[in-house]
Amino acid sequence: MAGKVKWVTDIEKSVLINNFEKRGWVQVTENEDWNFYWMSVQTIRNVFSVETGYRLSDDQIVNHFPNHYELTRKDLMVKNIKRYRKELEKEGSPLAEKDENGKYLYLDFVPVTYMLPADYNLFVEEFRKSPSSTWIMKPCGKAQGKGIFLINKLSQIKKWSRDSKTSSFVSQSTKEAYVISLYINNPLLIGGRKFDLRLYVLVSTYRPLRCYMYKLGFCRFCTVKYTPSTSELDNMFVHLTNVAIQKHGEDYNHIHGGKWTVNNLRLYLESTRGKEVTSKLFDEIHWIIVQSLKAVAVNASPSLTSSTANDRILKYNLINDTLNIAVPNGEIPDCKWNKSPPKEVLGNYEILYDEELAQGDGADRELRSRPGQSLGPKGGRSRDSGRTVLTTWK
Amino acid sequence: MLQEESDLSLVIAQIVQKLKGSSLYAQLERQAWASLQRPEIKLESLKEDIKEYFKISGWEKKLQNAVYSELSVFPSPSHPAAPPEHLKEPLVYMRKAQGSWEKRILKSLNSMCTELSIPLARKRPVGEQKELLNKWNEMGTDEPDLSLFRPVYAPKDFLEKEFFVELGLTTGQLGIDDSTQVPPELFENEHVRIGQKVLAEQDSAAAQQYIRQGSPTALRAELWALILNISSQPEDILYYEQLKTNVIQHDLLVDSLIYKDVKLTASNDDYYFVFEDYLYQVLLCFSRDTSVLGHFAYNSASPPKSYIRGKLGLEEYAVFYPPNGVIPFHGFSMYVAPLCFLYHEPSKLYQIFREMYVRFFFRLHSISSHPSGIVSLCLLFETLLQTYLPQLFYHLREIGAQPLRISFKWMVRAFSGYLATDQLLLLWDRILGYNSLEILAVLAAAVFAFRAVNLMEVTSLAAAEAVLADLSTLKVMPLLQIFLFATVT
């Protein structure tokens, strides 16, 4: 059986299994010698927990980095970004430049956020500065929109206050840890509805950072018209776009599931707002992704459940392209094999950032801020090839 | 020579007459009066000076655009003694065909009316008016019971009519004299630059010429508005608001047809579902817009007439129904949907749609001999197929898969809902550029040519339809180019 990749998974999804089988890979159990293990989040946690001390051998690949939760858990993500920014500042990196009000010019992409209950008092101070603002509470460890709610009064989050009758601080279990962020209540609306972006990014290595963005990302629309009115704060169908939530709304349409491809979005924005603004938007989105990755790791559980027929096809192709990049030539992985994959195998992925390529371009590709303008990581990139080689940023 | 001159002066007179009633005329008059204050306007050379002033200030251009706009729907010169119906449609048998088609639609509408005991129109009670006003921006959330309504007709009904009409007309003039090029990167920047210049000049005719090569996405909304001569003036916005008020105050039977159509088509579309609410806002107002009646002067169709209750046959009590004279059919909302990608301001969206309708779309569902009429398009399509793909044509007919049965619905809808939005917009660029719908027939033939290999292998209508079911991945311009310029007889 030399040469056949042996795979295991604990997620019974056809989009995965069909992809493994079509490559002629051999299914084995986790106790046997395996090369490729597509693990559920729980398994990753167990496998890489400090107690087990499990180490992957040179011919094994898994689908998540051990520290993926650094970005999955909202509190860790916020901590990482804050820390990353401070580090850059210490180094004197131009990326960490600030404007006269102390706002980061290039790294201001996380709204004001606090950890609860730890930063409760800091939060209250901030809240009192603008008492009519709305804030969004998100549980640190959950996904798919679970447990999220909006508040506009301090009384609504009394339980996170650290004021407790007992004299010693009783540490709350991580289950109750939340992050609270300033809610952005003037989102871009299309057809009067709020939407978010579901983009797939594959990180094949961290050092050097090599990541790919799937070209066929999509937008998810709320079924109900957006209103910033406070009476609708409780209506999750207005504010949250996760399919898991929207699916239960009365108006949810099963034929299209309220989604647009990113290309549709681009067409609409270019048509109604112009090309420059649209290109800038997409550049900044890419920028945020790369910077966040640099700050740490990747989201744990993109939903592999397909809600519509088109969706199933998309996810199947996504996994297919992912496997082509992650397990080059369909051969048994070898951790010493560290080259960039050739363009042909990318499929619908495009290079988001390749550190090796970027560094190879010479030390003079520093971030150059445009005179008088402080927005955007343009540096030396030429406008019209914007879609292909994004590797010239640092 | 003399005849031409008098023909020309007749045309000029007619256009002047037409424009006299427009707001542009009033504005020009005001401007002329105001210009008397200016130092460069001298009494001795009043006429020339004012003309010069108009030129410099851009008003002449606006007038030019308006004249150009009128010319694009101007009927060809005819015999002075010809009765008005000849302007609508010169061929007698065509008129007869359209006449019987109209009778059929009306019968369908009337019987639905009687069966359901719903009036064609009624005034809404105040409570209902208030409710609708509140819901104006989210009519999509309404769930009226539409189960008993059925569309008055669908494209396939229209098609059966076509089998009877064997025309001797040859519609060889494709209207595509220039080479249509897919803009390669090298071409694109220059093309965009020219586009911006055209917009800066605000010249309709230049824009129309320019757009034959396609429009850059960022400039498209403005270019279409320029070509259609739409400029959102305060009175246009006011007019739209007035229509909205009409919707709030009165309920029409056709409203339910519109709701049903939107729910069945646009709401289920991958691209257009987002704009569902805009569609109601446009179509409900459209039904009540009596200015649309003007286009019946050059449309072979005539608006249905209805009579106030109890006054059947008495002309003084006759009204057109619906007020705009256009009965929506299944799929009608798909004419509006793609426009939502370009305009998000309701009154502008409305104006653009209305103009597109009275210039182009109406021809897709009325029987006439006009080269852009659906009948001519069908003939053109079949002729093209037969000429360039005779094997395929005969094969399909043999297996009972008449090509027109499949392509008809594409053409009636101007491909909306069948092509990807960006491709559709490129196609409609050319419709505007050439001021003709013939490109629809050419594209239909090109699609068949593209899938010819697969089509040659099918043995049933159902299988043929399956091969042609999904056009969403097609790239329009390469297809057209290959068909037009790479085909060898």
Checklist outcome for this item: chain A shares the most heavy-atom pairs under 4.5 Å, among B:T217, B:L342, B:L219, with B:T217

Checklist entry - With a cut-off of 6.0 Å (strictly less than), are more than 12 heavy atoms of other residues, nucleotides or ligands near CZ of B:R451? => result yes

Checklist entry - So which heavy atom on A:L267 is nearest to which on B:D422, and how close? => result CD2-N, 3.7 Å

Next on the checklist: Determine whether A:T272 and B:F341 satisfy the following criterion, side chain to side chain contact (heavy atoms under 4.5 Å, CB included), listing intermediate values before the conclusion.
Outcome noted: CA-CA 7 Å; A:T272 52; B:F341 262 82; over 6 Å; no

Item to check | Nearest-0.5 Å distance that lies between atom CG in B:L339 and atom OG in A:S271 | outcome: 11.5 Å

Next on the checklist: Test side chain to side chain contact (heavy atoms under 4.5 Å, CB included) on A:R193 and B:D277; report intermediate values, then the result.
Outcome noted: CA-CA 11 Å; A:R193 290 165 222 219; B:D277 296 328; 4.1 Å; yes

Item to check | Neighbour count above 12 (heavy atom, 6.0 Å) for A:L197 CG | outcome: yes

Item to check | Nearest heavy-atom neighbours spanning B:D270 and A:W260 | outcome: O-CD1, 3.3 Å

Item to check | Enclosure of B:K135 NZ (heavy-atom neighbours >12, cutoff 6.0 Å) | outcome: yes

Next on the checklist: Less than 4.5 Å to any heavy atom of chain A: does that hold for the side chain of B:Y271, its backbone, both, or neither?
Outcome noted: both

